[in-house]
*Asks:* 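Before I ask anything, let me first share the structure, which is written out below as structure tokens.
Here is how names work: the chains are called A, B, and so on, in the same order as the sequence lines, proteins then strands, and each is numbered from 1.
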Amino acid sequence: MSTPTPVYRKLRGGGFSWKGHGRLWRAEDHLLEVTSIYISESYRRFFFQDVRAFVIQRTNLRAIWAAIFGGVGVVCALIASGTWWAGIANSSEDWHIALYIPTALFGLAALVFFVLCVINLSLGQTCRCHVLTSTGWHALSAPTRLGKANRTQTEIVSIVQAAQGPAPTAAPPPL
Amino acid sequence: MSTTAQVENGSLTCPVCRTPLGPYGLDAVQEARCPSCRTSLRGQVFAAWWTLPEKFESKLDRAQEGEAVCFFHPSNRAALACDACGRFICTICDLPLGARHLCPVCLSKGLGKEKLPEIISRRFLWARTGLAFGFLPIVFLVWPVWVISGGTAVILAIISWWRPVSLVRGRQRWTAILAIVLGILQIAGWFGFIILISYSKSHSGK
């Protein structure tokens with residue numbers, strides 16, 4: 001009774017959550033959500049015939065992460081500049097060396113956090129995608145950036161409409 | 001779309017707070033805010049939303065004389081054949097799995113031995129675990145455990161050769177090969193350290 005594994009095509013955009021790294025894959029008749037923690041993968045399937053709605057929820061995680069990375073970066077930069085200034089102010093040669101080591105370490109940490117902050121800001125606005133089936137709403141672990149989510153939505157809408165036929169647009173969603 | 005359909009389907013709710021969104025509450029282009037939690041939402045409702053749940057009782061018919069009957073319920077009329085074993089099944093025994101229809105026996109067989117890719121919910125990746133055992137102890141220079149982690153990496157990589165793999169990435173042999181190479185390097189490195197230490201001790205004693 002063994003059946004061949006469906007051929008999957010990766011959709012744009014990944015996302016991280018406490019469950020691991022998420023990504024969407026598309027098969028002929030269903031959408032597969034893969035959540036990976038490197039050594040194992042868990043799967044959720046959404047058959048195109050069963051999908052009732054696809055929703056993108058805008059979130060403010062981008063601002064939160066920017067504040068965290070930026071804040072930690074600023075603190076590291078302040079500590080680095082403080083130790084550097086103390087090194088200059090101190091006349092002893094031994095103190096110079098002892099203070100330049102934390103300056104270098106905190107300076108490097110500040111640089112890393114500022115780079116992370118810039119990457120986070122450049123990736124665009126954050127979002128969360130939801131799929132509605134007969135069993136209720138299911139939050140997806142990917143995509144988590146609005147630009148990629150828009151492209152994913154366009155692709156999913158066309159596939160689902162091809163599988164189900166067009167929705168009766170004349171009537172609103174039921175009250 | 002009938003009134004009955006509206007009542008039975010219920011209202012389209014917010015995915016965050018489950019508050020009814022009301023008519024035209026969801027737009028594919030224009031973002032709308034949930035009236036309760038003020039979350040910005042945008043999306044598409046599909047035809048399945050308007051589809052009534054199939055009436056179970058109406059399709060379950062008693063078999064008449066000369067009609068094909070269900071393999072598991074001889075009094076019920078056969079609705080279709082199982083796509084795996086070909087047995088006639090009624091609507092009670094029909095277990096749709098995507099586009100396929102299976103009988104309970106075939107589904108349970110598939111569940112037990114992971115023969116149905118459509119119902120696999122989790123996969124342990126042996127080769128990747130082997131690679132982690134091969135790579136991480138080298139990166140963190142924990143050489144005293146190299147003989148154990150190296151051996152584990154090699155064993156896991158060998159096991160991965162026959163074990164099921166990721167559904168989406170397929171079998172990645174290079175991961176297993178790399179794990180074996182790194183595992184052997186760790187074992188060789190551990191013995192190298194032991195020889196080096198014993199050699200230096202014997203020379204320092206003289």
*Asks:* State, without any angle test, whether A/Thr35 and A/His21 hold a side-chain donor-acceptor pair at a distance under 3.5 Å.
*Replies:*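 Note: A/Thr35 and A/His21 side chains miss the donor-acceptor criterion.
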*Asks:* With only heavy atoms counted, which part of A/Ser36 is less than 4.5 Å from chain B, the side chain, the backbone, both or neither?
*Replies:* side chain
*Asks:* Just so I understand: if I count every heavy-atom pair under 4.5 Å between each of A/Ile37, A/Asn150, A/Asp50 and chain B, which residue has the most?
*Replies:*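 Highest number of heavy-atom pairs under 4.5 Å: A/Asn150.
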*Asks:* Is A/Tyr43 close to chain B through its backbone or its side chain, or both, or neither, when contacts mean heavy atoms under 4.5 Å?
*Replies:*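 Contact with chain B involves both backbone and side-chain atoms of A/Tyr43.
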*Asks:* Given that the side chain runs from C-beta out, which part of A/Val157 has a heavy atom under 4.5 Å from chain B: side chain, backbone, both or neither?
*Replies:*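 It is both, since atoms from each part get that close.
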*Asks:* Please determine if B/Arg87 forms a cation-pi arrangement with B/Phe71, meaning its NZ or CZ atom is less than 6.0 Å from the six-membered ring centre and no more than 45° off the ring axis.
*Replies:* yes
*Asks:* Give, as side chain, backbone, both or neither, the part of B/Ile119 having an atom under 4.5 angstrom from any heavy atom of chain A.
*Replies:* backbone
*Asks:* Please classify the contact of A/His130 with chain B as side chain, backbone, both or neither, using a heavy-atom distance under 4.5 Å.
*Replies:* side chain
*Asks:* Using the ring centroid of each side chain, check whether B/His73 and B/Phe88 are separated by less than 6.0 Å.
*Replies:*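 Judged by ring-centre distance (under 6.0 Å), B/His73 and B/Phe88 do not meet the cut-off.
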*Asks:* Between B/Arg173 and B/Trp161, is NZ or CZ placed under 6.0 angstrom from the six-membered ring centre and within 45° of the ring axis?
*Replies:* yes
*Asks:* With a 4.5 angstrom heavy-atom cut-off, is it the side chain or the backbone of A/Gln153 that approaches chain B, or both, or neither?
*Replies:* side chain
*Asks:* If you measure only the distance, is there a donor-acceptor pair under 3.5 Å linking the side chains of B/Thr39 and A/Gln57?
*Replies:* no
*Asks:* So which of B/Arg169, B/Arg42, B/Glu31, B/Arg18 has the largest heavy-atom pair count under 4.5 angstrom toward chain A?
*Replies:* B/Arg42
*Asks:* How about CH2 on A/Trp65, more than 12 heavy atoms from neighbouring residues, nucleotides or ligands closer than 6.0 Å, or not?
*Replies:* no
*Asks:* Non-hydrogen atoms of chain A under 4.5 Å away: do they reach the side chain of B/Cys34, the backbone, both or neither?
*Replies:*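 Neither part.
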*Asks:* How about A/Arg12 and A/Glu155: do any of their side-chain heavy atoms sit closer than 4.5 Å?
*Replies:*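 A side-chain contact is absent here, since even the closest heavy-atom pair is not under 4.5 Å.
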